[in-house]
Every structure is written in structure tokens, then in C-alpha cells.
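See below for the structure under consideration.
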Amino acid sequence: MLITELNDTSFVTINGSYGKCNWCDGFWQGARSLGQIVEVTSVNGDKVGINPSLYITYKDSLSPLATPFTVGAKYAGVEDLQVYADSTGYGTNFSMSGTAYCWIKNCESNYADGDHVLVQYSYRGVVRDSYFHDAYSHTPGQTDADLDLANNTSGFLVENNQFWRLHVAMMLEWGAAGNVIAYNYAFGNFASNAVDALFAAIDLHGAHPMFNLIEGNRLSGYCADGGWGSSSDQTLFRNWVDGTTKICNPIYGRGVPDTASSWWACQQNVAIEDWSEQSNDNFVGNVVGS
């Protein structure tokens, strides 16, 4: 069940420096960008049991809404597989949409035309022990070459993965809530049109992700941007965030990485960014700097 409410303008907004994110909630033109997915455990008359409990107190004045849906896949996984993209057009290498208790384990995603992993409207899945590297297009939009938790995806664990030479390594957006990003290594992000600039390994991008834990990762950078609105209540705990990264050719297309002639990102070297649209974030016990 998807739990939402109308945007509480005291801390939730779909307005950002790029414009208004009318698609940030999928169904309501951005009016309900905050929410979470829960599992229904019991129904007794007009009483519904759910798991987990609600992350926030939903206000009667903001018209809370519970939208039931049936997941398309449950307890399904992909293991020990390499996906080799071949520059044939946009697409995600691994996709979970409307799933529960699904997983990706010990896989290699070798280049991507779009996202390496796209997870949306999903509940309590796992992506772990995998290697995601390289992309044909290192640019914003549908070619971020990342692992993307979106559309109220809740309770996911992303653990012990390697991300190398992407545009953004991991993105949380469009209401992703209560997820754990832990013990991952992300390095070498760059943009094809700004090859000296640092691009964050983890980006919160598009209203309104909340209550996500980012723990024990080695990251080139973290950014909770305000491009498409707000986020709240993230916790960064015991990470090492460098504030730079090493970039190498090729910048375009598939090829053998030339690590011998690599260079350090020397522009917009900000380790941790928290834009003005964000609120109630915690930064505890991190090492910041290279």
C-alpha cells in the first residue's frame, strides 16, 4: 500500500532551481511527493495492519491517502550474471518495478545505455555484492548511469557494491523512503561535457526522499540538491567522503580505461552539499576530505 499526503509546504516543495517537478509523485502532478510503501499484514473491518510503522505522522488537514496495489513480482532475484550493454539505445540493465522482497546479487553491469539499476514502487529488496561500471553517456537525465531508487521505493538495502566511472553512482528521488545505502565503494564519476568537475557519488534529486540511512560508504561526494525540490531526514553516518575523484579516458564510448594517465577532479570539489530546500539532515562521524 502506498501512503501519501498533500505536500506540507513547511518543509516539502516540488519547486527547485531547475523548475517544478510535476512528475515527482507519479500520479498527482507533484501534489503528493512525500510518502512510503508499506506491506499490509492484516485487515479487520476498517482497521488495517501494516509493516513497518509510518515514518511520520500524517495530518488530517493534508488529506492522507492509502492506495492499495498488488506487486508484480515477489521473492524473485538475479544472481551471478553479467549484463553487457552495447550502445543500442536507452534502457536500464536491471529493473524492479512494483516488486517486494526481490534482489540482485553478485552481478556485473558492464556499461549502460541508461541506468544500471532502476527500482520504483518497490518494497524491501536488496542489491548487494555487485559491480556497476562505465556508461556510453555520462550526462544528466535518463542516462545518469546509476542505481536509482525512485517513486516511493521503501525499505531497500543497497550494500557492498562497487560503482566506477559512472555519471552519478546512486540516486534517491521521487519519494524514496526508509532505504539503507551501506558499505559501498563509489569512485570515478564524471560528466562528458565537464570532465574536470566532481559529480557526487550519491545524489538526492527530485522531491521528496526521506528517512534514508547512508552508512559506512567510501564516496567521492554526496549531494542533496534542490534541482527538483526538497528532501528531509537523511542520515550520513560513518562515511568517508573524499570531495574529489580520479577520472580517466575514454570519456566517450566503450574502451579500455587508461588509468595510467588519469587526473583528479579539480572543479566544484565539494564533498558534502545540502541545498536550502533540504531539512532535518544528520551528518554523524564522517571523514570529509581526501
Side-chain angles (χ1 to χ4, degrees), residues 82-88 90 92-94 106-117 127-148 158-172 181-205 214-225 227 236 238-273 286-290:
Q82 180 182 171
V83 174
Y84 183 101
D86 202 21
S87 192
T88 54
Y90 169 69
T92 181
N93 287 359
F94 295 90
N106 195 34
C107 290
E108 178 180 353
S109 188
N110 185 335
Y111 275 78
D113 295 310
D115 296 319
H116 280 275
V117 181
V127 180
R128 68 178 307 158
D129 305 335
S130 296
Y131 179 32
F132 306 98
H133 64 92
D134 295 288
Y136 288 104
S137 179
H138 294 255
T139 54
Q142 294 180 318
T143 53
D144 276 304
D146 58 356
L147 181 151
D148 190 0
V158 179
E159 181 180 47
N160 194 40
N161 302 286
Q162 296 182 58
F163 301 86
W164 188 49
R165 285 177 42 84
L166 309 180
H167 182 244
V168 174
M170 291 164 277
M171 187 173 289
L172 293 91
I181 312 294
Y183 307 105
N184 301 282
Y185 177 84
F187 205 64
N189 302 309
F190 68 90
S192 300
N193 59 353
V195 294
D196 291 326
L198 174 66
F199 279 78
I202 294 181
D203 187 18
L204 275 71
H205 186 67
I214 298 165
E215 177 179 347
N217 302 279
R218 176 73 185 271
L219 307 170
S220 54
Y222 167 87
C223 180
D225 72 57
L236 269 72
R238 298 191 310 183
N239 302 280
W240 182 357
V241 190
D242 288 273
T244 187
T245 196
K246 216 163 193 182
I247 302 166
C248 66
N249 287 309
I251 300 303
Y252 301 98
R254 182 182 284 276
V256 177
D258 181 13
T259 55
S261 61
S262 58
W263 64 94
W264 291 99
C266 58
Q267 296 174 349
Q268 63 183 46
N269 290 63
V270 182
I272 294 177
E273 294 185 70
N286 299 286
V287 175
V288 183
S290 64

query: Should R238 and Y183 be marked as a side chain to side chain contact (heavy atoms under 4.5 Å, CB included) after you check the CA-CA gap, both sets of side-chain angles, and the distance that decides it?
result: CA-CA 10 Å; R238 298 191 310 183; Y183 307 105; 3.6 Å; yes
task: Determine, for D242 against R218, whether the closest basic-nitrogen to carboxylate-oxygen distance falls under 4.0 angstrom.
output: yes
query: So, the side chain of D113 versus the backbone of S87: is there a donor-acceptor pair under 3.5 Å, distance only?
result: yes
task: Mind listing the closest non-hydrogen atom pair of A135 and H138 along with its distance?
output: O-NE2, 3.2 Å
query: Excluding sequence neighbours, so at least two apart, what forms side chain to side chain contact (heavy atoms under 4.5 Å, CB included) with A197?
result: A194, F199, Q267, Q268
message: Using a 3.5 Å distance criterion without hydrogens, assess whether the side chain of N184 forms a donor-acceptor pair with backbone atoms of N160.
response: yes
query: Any donor-acceptor pair under 3.5 Å linking the side chain of H116 with the backbone of D134?
result: yes
message: As an exercise, state the distance from CG of N110 to CZ of F132, rounded to the nearest 0.5 Å.
response: 12.0 Å
message: Quick check: closest heavy atoms across A224 and Y222, and the distance to 0.1 Å?
response: CB-OH, 3.8 Å
Side-chain donor or acceptor of W264 paired with backbone N/O of I247 under 3.5 Å: no
- line: In short, M170 meets I181 closest at the heavy-atom pair SD-CG2, 3.4 Å
query: Donor-acceptor pair, D225 side chain versus H205 backbone, under 3.5 Å?
result: no
- prompt: Please walk me through it: do N189 and F163 pass side chain to side chain contact (heavy atoms under 4.5 Å, CB included)?
  reply: CA-CA 9 Å; N189 302 309; F163 301 86; 5.8 Å; no
message: What I want to check is whether the side chains of D129 and N106 have a donor and an acceptor closer together than 3.5 Å.
response: no
4.5 Å side-chain heavy-atom contact, W164 and Y131: yes
message: Within this structure, what is the CG-CD1 distance for the pair N286 and I272, rounded to the nearest 0.5 Å?
response: 5.0 Å
- prompt: Hey, is the main chain of L219 close enough, under 3.5 Å, to the side chain of N239 for a donor-acceptor pair?
  reply: no
query: Rounded to the nearest 0.5 Å, how far does CE of M171 lie from SG of C223?
result: 9.5 Å
query: Which heavy-atom pair separates V127 from N161 by the least distance, and what is that distance?
result: O-ND2, 3.0 Å
message: Can you give me the closest heavy-atom contact between C107 and F94, atom names plus distance?
response: CB-CZ, 3.9 Å
field: V256 versus P250, closest heavy-atom pair with distance
entry: O-CD, 3.7 Å
message: Looking at F187, is its backbone amide N or carbonyl O close enough to the side chain of S220 to form a donor-acceptor pair, meaning the two atoms are under 3.5 Å apart?
response: no
- request: First locate atom CZ of R165, then atom OG of S262, and finally report the distance between them rounded to the nearest 0.5 Å.
  value: 10.0 Å
field: Gap separating the CG atom of L172 from the CG atom of L204, nearest 0.5 angstrom
entry: 5.0 Å
query: Does L236 reach the side chain of N217, with side-chain heavy atoms less than 4.5 Å apart?
result: no
field: Under 3.5 Å donor-acceptor, D144 side chain and H167 backbone
entry: no
task: Say whether, by atom type as modelled, one donor and one acceptor occur between the side chain of R254 and the main chain of A85 under 3.5 angstrom.
output: yes
- prompt: Ignoring hydrogens and geometry, is there a side-chain-to-backbone donor-acceptor pair from N93 to Y111 under 3.5 Å?
  reply: yes
